[in-house]
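Numbers here simply count residues along the sequence, with the first being 1. Model, not experiment: these values are computed from the prediction.
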Amino acid sequence: QAQLVESGGGLVQPGGSLRLSCAVSGSFSFYVMGWYRQAPGKQRELVAQITSGSSTDYADSVKGRFTVSRDNAKKMVYLQMNSLKTEDTAVYYCNRLQRPLGWGQGTQVTVSS
């Protein structure tokens, strides 16, 4: 059964950096992959996406600070997060944009001084 496993979250001070990883089992290479986040009391939102050819797009709130990448051979997606802000605090998830898989457990990112 296809699975998504996110990792790399943690506690970081404002202005700090984290790199999230997502391991995908099942079909991957031809799908647009996205990183989503869900803050307490808010809906899950898409913050970054990357096509099979590595074209990227970002939500305005993270543009210029986050970078999404992928390794099709390893079935991995990454999210480099720089200049983190307190409002980036959320659980981060990855998934396919089309025909999404069941959601993984996510990885908690907490930005706090």
Side-chain angles (χ1 to χ4, degrees):
Q1 187 172 354
Q3 282 188 314
L4 301 161
V5 180
E6 301 91 350
S7 61
L11 173 63
V12 63
Q13 291 186 341
S17 298
L18 283 173
R19 188 190 192 217
L20 306 184
S21 299
C22 171
V24 184
S25 64
S27 297
F28 171 81
S29 299
F30 300 106
Y31 288 92
V32 179
M33 294 297 299
W35 278 100
Y36 300 76
R37 68 185 181 189
Q38 187 167 21
K42 295 187 177 181
Q43 288 190 332
R44 188 173 291 161
E45 62 171 341
L46 177 65
V47 297
Q49 59 183 310
I50 183 167
T51 69
S52 58
S54 293
S55 295
T56 59
D57 198 12
Y58 300 91
D60 287 344
S61 59
V62 307
K63 200 169 292 184
R65 300 187 298 119
F66 289 11
T67 302
V68 59
S69 60
R70 67 191 290 165
D71 185 329
N72 287 335
K74 294 181 179 180
K75 293 189 176 181
M76 295 290 295
V77 189
Y78 306 99
L79 187 67
Q80 178 67 44
M81 306 187 296
N82 298 328
S83 302
L84 282 161
K85 304 176 180 180
T86 56
E87 52 263 44
D88 295 319
T89 295
V91 180
Y92 284 72
Y93 304 86
C94 66
N95 211 331
R96 302 187 316 204
L97 266 69
Q98 302 88 16
R99 300 182 66 185
L101 301 171
W103 293 96
Q105 83 287 352
T107 186
Q108 175 71 49
V109 171
T110 303
V111 185
S112 175
S113 55

Any residue meeting side-chain contact (heavy atoms from CB on, under 4.5 Å) with [X], in chain and number order, not counting sequence neighbours:
X	result
S54	I50, R70
V111	V12, P14, L84, D88, T89, V109
D57	Q49
S61	R37, A59

Where is the tightest heavy-atom contact between [X] and [Y], given as atom of each residue plus distance?
X	Y	result
L79	A48	CD1-CB, 4.0 Å
Q80	S17	NE2-CB, 4.0 Å
S112	L11	CB-CD1, 4.2 Å

Can you give the donor-acceptor pairs under 3.5 Å from side chains of residues 23-35 to other protein atoms, not counting sequence neighbours?
from : atom 1 : to  : atom 2 : distance (Å)
S25  : OG     : Q3  : N      : 2.7
S25  : OG     : Q3  : O      : 3.4
W35  : NE1    : Y78 : O      : 3.3

With sequence neighbours excluded, residues passing salt bridge (charged side-chain N to carboxylate O under 4.0 Å, His left out) with K63: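 For K63, the residues satisfying salt bridge (charged side-chain N to carboxylate O under 4.0 Å, His left out) (neighbours in sequence not counted) are D60.
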By salt bridge (charged side-chain N to carboxylate O under 4.0 Å, His left out) - contacts of R44 (at least two apart):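 Scan of R44 (salt bridge (charged side-chain N to carboxylate O under 4.0 Å, His left out), adjacent residues dropped) gives none.
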Do [X] and [Y] have side chains that get closer than 4.5 Å, going by heavy atoms?
X	Y	value
N95	Y93	no
M76	S21	yes
L97	Y36	yes
V68	V77	yes

Who are the side chain to side chain donor-acceptor pair (under 3.5 Å) partners of T56, not counting sequence neighbours?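 Once residues adjacent in sequence are excluded, T56 has no partner under the side chain to side chain donor-acceptor pair (under 3.5 Å) criterion.
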Checking K74 now: which residues fulfil side chain to side chain donor-acceptor pair (under 3.5 Å) with it, not counting sequence neighbours?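 Checked K74 against side chain to side chain donor-acceptor pair (under 3.5 Å); zero matches.
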Walk me through it: do Q105 and V91 pass the test side-chain contact (heavy atoms from CB on, under 4.5 Å)? CA-CA 9 Å; Q105 83 287 352; V91 180; over 6 Å; no
Going by ring pair (Phe, Tyr, Trp, His ring centres under 6.0 Å), name the residues that satisfy it together with Y92, two or more places apart in sequence or in a different chain.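 For Y92 there are no ring pair (Phe, Tyr, Trp, His ring centres under 6.0 Å) partners, ignoring immediate neighbours.
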Y58: what forms a ring pair (Phe, Tyr, Trp, His ring centres under 6.0 Å) with it, not counting sequence neighbours?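 So Y58 forms no ring pair (Phe, Tyr, Trp, His ring centres under 6.0 Å) with any residue.
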Taking a hydrophobic cluster as the set of Ile, Leu, Val, Met, Phe, Trp and Tyr residues connected by side-chain heavy atoms closer than 4.5 Å, whether directly or through intermediates, do L101 and L20 fall within one such cluster?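 Per the 4.5 Å side-chain linkage, L101 and L20 are co-clustered.
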Within 6.0 Å of CD in Q43, more than 12 heavy atoms from elsewhere: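 Atom CD in Q43 is not packed in, count stays at 12 or less.
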Pair listing, disulfide bond (SG atoms under 2.5 Å apart) test, anchored in residues 44-113, at least two apart: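 Disulfide bond (SG atoms under 2.5 Å apart) check on residues 44-113 returns C22-C94.
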